[in-house]
Amino acid sequence: MDKFWHAISAQSLDDNPALQIYQTNFLAARLKALEYNFPLCKAQLGDDLFSAICKHYAHSFPSNYDSLNAYGQYFPDFLKEIIPHNPALQNTGYIAQLAELDWHLIQAYFAADDCLASMNTAEDEVTKNTYIVAPSSLGLCQITHPNLIRSMPFQTLIKEGFDESENLCANLQQDSQSTHSTLRHGPDSNFVKDIKDNEELQGHANTVYLAVVRQELRIYIHLLTKDEFSLLQLIRERTPIFKLDKLGLDPKMFSQSLNSFKQKGLVIGLKESQMQDKRDAKDDTF
């Protein structure tokens, strides 16, 4: 079976016509998986260019998993590599960032459920090894685009809050396909005035920071500040709580951010780092 799998996933066609049929079908399945897994990226690139890039990727990267739901892990990095060398992709670095958002969305949907029973209880003491637990579905990405934050879906997200963010992916795709897309033709005049009058919106003028998470069976996309984004990165890396408090973050902002994270399902509890406990025990023996 391993030999057969290696043969049908090879980059070049096999001499055996029977195997060529399997290779062609497997290649078509990988292309279909990329189309399904990267809808925002496809909407921005257009059908023809997206298809050409996917064929190049599918020939270069065979699937390493039984499920094609996990196919495309290296697609964002692949885009980063080819964008500087493709005239049709000049000044579109944000395309690779949109691909990262697509990937986080699909990964959030198929992420393993979190085991809440393994979290610390209210009676447990917080130690130097205690860290804040992020859900397994959490994905973080940032997108730098001069008009993205001014598009209608992001305007709605900023003004109405995270309750509306579950529709962001569909709205962004619809917005990018519109002939009057603000991604291509710029913002409306009223929102430009809102940005000039609002310091919070000014901070998002060029880069948006996003968190993707699954709650129950819904995928949510949350708009973050730069500080919240950095804090969530540290939390996802299992940085102990006592170290988070020593990073020069404003205490009020730190407390407010954690409360917001908990409300949005971006953190789910506390836990002890067993690996750190083992390292500490080893250090004590010397």
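Heavy atoms only: backbone and side chains are in, while hydrogens, waters and symmetry mates are out. Model, not experiment: these values are computed from the prediction.
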Table please: side-chain donor-acceptor pairs of residues 70-78 below 3.5 Å, with sequence neighbours left out.
unit_1: Y71; atom_1: OH; unit_2: F61; atom_2: O; d: 2.5

For residues 230-240, please give each side-chain donor-acceptor pair under 3.5 Å, one per line with the distance, not counting sequence neighbours.
unit_1: S230; atom_1: OG; unit_2: K226; atom_2: O; d: 3.1
unit_1: T239; atom_1: OG1; unit_2: L234; atom_2: O; d: 2.8

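Taken from CD1 in I143 to OH in Y94, the straight-line distance is 10.5 Å, to the nearest 0.5 Å. Y57 contributes atom OH, which lies 11.5 Å from atom CD1 of I82 (distance to the nearest 0.5 angstrom). Taking SG of C41 as the reference point, atom CD1 of I53 lies at 7.0 Å (rounded to 0.5 Å). Interatomic distance, L34 CG to D102 CG, rounded to the nearest 0.5 Å: 11.0 Å. Separating the CD atom in E125 from the CD atom in E123 is a distance of 13.0 Å, to the nearest 0.5 Å. How far CD1 of I95 is from CD of Q44: 5.0 Å, rounded to the nearest 0.5 Å.
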For the pair V212 and L138, evaluate side chain to side chain contact (heavy atoms under 4.5 Å, CB included) and give the outcome as yes or no after the intermediate values.
CA-CA 6 Å; V212 178; L138 178 65; over 6 Å; no
Mind running side chain to side chain contact (heavy atoms under 4.5 Å, CB included) on H222 and L210 for me, showing each step along the way?
CA-CA 6 Å; H222 301 286; L210 303 174; over 6 Å; no
Run I106 and F38 through side chain to side chain contact (heavy atoms under 4.5 Å, CB included) and show every step you take.
CA-CA 9 Å; I106 200 71; F38 296 92; over 6 Å; no
Give the C-alpha distance, both sets of side-chain angles, the deciding distance and a yes or no for side chain to side chain contact (heavy atoms under 4.5 Å, CB included) between E100 and K80.
CA-CA 11 Å; E100 289 182 9; K80 291 178 185 177; 2.9 Å; yes
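Side-chain atoms of S137 and Q107 form no donor-acceptor pair, as typed in the model, at a separation below 3.5 Å. With 3.5 Å as the limit, one finds no donor-acceptor pair spanning the side chains of Q142 and T207.
Around the CZ atom of F229, the shell of radius 6.0 Å holds more than 12 heavy atoms that belong to other residues, nucleotides or ligands.
Following chains of ILVMFWY side-chain contacts shorter than 4.5 Å, one cannot reach F261 starting from Y131, and the two form parts of different hydrophobic clusters. Grouping the Ile, Leu, Val, Met, Phe, Trp and Tyr side chains by contacts below 4.5 angstrom, directly or via other members, places I132 apart from M119. Under a hydrophobic clustering in which Ile, Leu, Val, Met, Phe, Trp and Tyr are joined whenever their side-chain heavy atoms come within less than 4.5 Å, directly or via other members, V133 and Y220 fall into different clusters. Hydrophobic clustering, with ILVMFWY side chains joined whenever heavy atoms are under 4.5 angstrom apart, keeps L244 apart from I268. A continuous path of ILVMFWY side-chain contacts below 4.5 Å connects F110 to L105, so both sit in one hydrophobic cluster.
Summarising the geometry of E81 relative to H85, their closest heavy-atom pair is O-CD2, 3.0 Å, with the distance given to 0.1 Å. Closest approach of A211 to L224, counting heavy atoms only: CB-CD1, 3.7 Å.
Between S51 and K55, some side-chain heavy-atom pair lies under the 4.5 Å cut-off. You'll find the side chain of I221 stays beyond 4.5 Å of the side chain of V213, heavy atoms only. Looking at C115 and S118, their side chains come closer than 4.5 Å, going by heavy atoms from C-beta outward. No side-chain heavy atom of Y209 sits under 4.5 Å from any side-chain heavy atom of L223. Counting heavy atoms from C-beta on, the side chains of D113 and S136 never come closer than 4.5 Å.
Ion pairing of E35 with R30 is absent here, as no side-chain N (NZ or NE/NH1/NH2) approaches a carboxylate O to less than 4.0 Å. Under the 4.0 Å criterion applied to side-chain N and carboxylate O atoms, K271 and D124 are not assigned as salt-bridge partners.
Counting only distance, with no hydrogens or angles, the side chain of T130 and the backbone of T127 share a donor-acceptor pair below 3.5 Å. No donor-acceptor pair under 3.5 Å is formed between the side chain of D114 and the backbone N or O of P135. Remark: the backbone N or O of M253 is paired with a side-chain donor or acceptor of S257 at under 3.5 angstrom.
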